[in-house]
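A short worksheet on the structure shown next.
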Amino acid sequence: MARNSNQKPLDKIFDDFLSGPKIFKNREVMRATYIPEDLPHRETQITEIGRKLLPILEGGSTSNIFLYGKTGTGKTAVALYVLKKIVAKCSEIGVDIPLREVINCKDIDTDYRIFAQLAGAVGVDVPFTGWPTDKVFKIFKEKLDEKRQTIIIVLDEIDQLVKKSSMKGPQKVLYLLTRINSDLRNANVCIIGISNDLKFKEYLDPRVLSSLSEEELVFPPYQATELQDILRQRAEIGFHDGVIDSGTIEITAALAAREHGDARRAIDLLRVAGELAERESATKVTQNHVRRAQTLIEHDTISAALRTLPIHSKLVLYSIYLLEKDGNTEIYTGDVYTAYSQLCTEIKYDILTQRRVSDLINELDMLGIITAHVISKGRYGRTKKIRVSIPKTILTSILEEDTAIQKLKNYSLELKKEAS
DNA sequence: TGTCCACTGGAAGGGAGGGCTT
DNA sequence: AAGCCCTCCCTTCCAGTGGACA
């Protein structure tokens, strides 16, 4: 009988969903990963890249290409779009289709893993650990060179490789890949590097740099009107006719344009707004839905980031929170470390070194959960001034889900320095 | 003008945990 | 089983530093 009472409301939800107004025609279209038939306002970049890759149609070699622009300016989409078109053309005219491998360097961020993925692309299975890196590279190179073929390697978020290590490791990948062509007898390698951050070039080995940026292309941010065009095009295939209320597209574009013209963001925003409307069985996606989608997305990103933090990062963050709660307006690294040590002692965790905590603080800063910047207090040393930059209610509600943090719920920090 | 604080942040390396090879 | 290798998380060591203060 418990089963019955459980099933009924669910049945209702199912029925309401099936019989209610339909919002989405094709939800997948409203995801940033979807590559449409047309990419509005990127015609210049498309033709430019297409032109640079022309030799592939004759099985020849090409220069490497470097694409640069802020997030959501269509770099990856354009690259994938051009690849798709090239493949289509190659099969149409009967030329060997080039191999393509798209690597997101944010996830695949070590030399070993990149070579392992490339080896996979040419049909060699490499275990995810165990082999020497050199061996993986060698196998990839030999297998690739067995026949006359071209491989186009798209290195998305290539800046991540350079940031992680200064000179060795991942950077070595770039060095080896950019000069691999001179070792190959039959095959060709073409690299398309994509980056959000132009500054990363400063840290790049000059030999890699000159090879990578043989051809460089900048993607400017989209203007609000351009975002509107993109959204309209997607909405037409993604949503049912007439469900988008007047002004909805405009407000979505305006909100996304504020975030440096991020098309990905705009598309996500419209999709989530649509999902909200769908959940409420509304007949139209309104401006109100978009605004709520905006806060929902922000909320979700923060929550997800907080939940996945390792325990010591949570403890560091909680220390900062407790210090702020105690009315401290100026919080420095030293204070955080003292508070953090107290918390660790309280719940019997090993205390990490200050050096390590300093890195954790930097990570929290990069995630946008706190802001920390280096200041000098003159005679009283150099340190970081730190504060929490997300709503406290979200912070506590998520952190206190963790059993370790729960024990600290009513903990009050020992005052260790007189008011100054 | 020089000193000196409280760190910052780079470099190197250890060791645990995953795996492969012989 | 022994000898490698890779990655992640962490420690140890240390040179470097902006600016208030004597």
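Chain letters run A, B, ... following the sequence lines, proteins first, then strands; residues in each count from 1. Since we're looking at a predicted model, the values are computed, not measured.
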Using atom names, set out every protein N or O paired with an N or O of nucleotides 20-22 of chain B below 3.5 Å, distance rounded to 0.1 Å.
{"unit_1": "B:dC20", "atom_1": "O3'", "unit_2": "A:W131", "atom_2": "NE1", "d": "2.6"}
{"unit_1": "B:dT21", "atom_1": "OP1", "unit_2": "A:W131", "atom_2": "NE1", "d": "2.8"}

Find every protein N or O atom lying less than 3.5 Å from an N or O atom of nucleotides 1-3 of chain C, and list the pairs.
none

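Both the sub-6.0 Å distance and the 45° axial angle are satisfied by A:R42 relative to the ring of A:Y222.
A:R113 has a side-chain polar atom (N or O) that falls below the 4.0 Å cut-off from OP1 or OP2 of C:dC8. For C:dA20, neither phosphate oxygen OP1 nor OP2 lies less than 4.0 angstrom from any side-chain nitrogen or oxygen of A:S376.
In the set B:dC7, C:dT7, C:dC5, B:dC7 carries the atom at the smallest distance from any side-chain atom of A:T333.
Considering only residues two or more places apart in sequence or on other chains, A:E236 meets the salt bridge (charged side-chain N to carboxylate O under 4.0 Å, His left out) condition with none of them. Remark: A:K75 pairs with no residue by the salt bridge (charged side-chain N to carboxylate O under 4.0 Å, His left out) rule, at least two apart or across chains. Residues that satisfy the ring-ring contact (aromatic ring centres under 6.0 Å, His included) test with A:Y321, not counting sequence neighbours, are A:Y318. Applying the salt bridge (charged side-chain N to carboxylate O under 4.0 Å, His left out) criterion to A:D96, with sequence neighbours excluded, gives no partner residue. Annotation: salt bridge (charged side-chain N to carboxylate O under 4.0 Å, His left out) contacts of A:D156 (sequence neighbours excluded): none.
Screening A:Q406, A:K314, A:R307 for a side chain to side chain donor-acceptor pair (under 3.5 Å) with A:E401, the sole residue that qualifies is A:R307.
For the residue pair A:Q342 and A:Y340, no side-chain donor N or O sits within less than 3.5 Å of a side-chain acceptor on the partner.
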Candidate pair A:L144 and A:I151, rule side-chain contact (heavy atoms from CB on, under 4.5 Å), full reasoning: CA-CA 8 Å; A:L144 178 69; A:I151 182 166; 3.8 Å; yes

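Across residues 136-146 of chain A, not one residue has a non-hydrogen atom less than 4.0 Å from an atom of DNA chain C. Contacts between residues 378-387 of chain A and DNA chain C, defined by a heavy-atom separation below 4.0 Å, involve A:G378, A:R379, A:G381, A:R382, listed by number. Of the residues in residues 354-367 of chain A, A:R355, A:R356 come within less than 4.0 Å of DNA chain C through at least one heavy atom, sorted by number.
Looking at heavy-atom distances under 4.0 Å, A:L352 makes contact with sugar-phosphate atoms alone, never a base.
Sorted by first then second residue, the ring-ring contact (aromatic ring centres under 6.0 Å, His included) pairs that include residues 137-159 of chain A, not counting sequence neighbours, are A:F115-A:F137.
Shown here is A:H260, whose NE2 atom has more than 12 heavy atoms of other residues, nucleotides or ligands within 6.0 Å.
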Contacts table for residues 362-377 of chain A: side-chain donor-acceptor under 3.5 angstrom, sequence neighbours left out:
{"unit_1": "A:N362", "atom_1": "OD1", "unit_2": "A:K384", "atom_2": "NZ", "d": "2.4"}
{"unit_1": "A:S376", "atom_1": "OG", "unit_2": "A:G378", "atom_2": "N", "d": "3.2"}

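Between A:N188 and A:T62 the shortest side-chain heavy-atom distance does not fall below 4.5 Å.
Checked against a 6.0 Å centroid threshold, the rings of A:F219 and A:Y68 do not count as neighbours.
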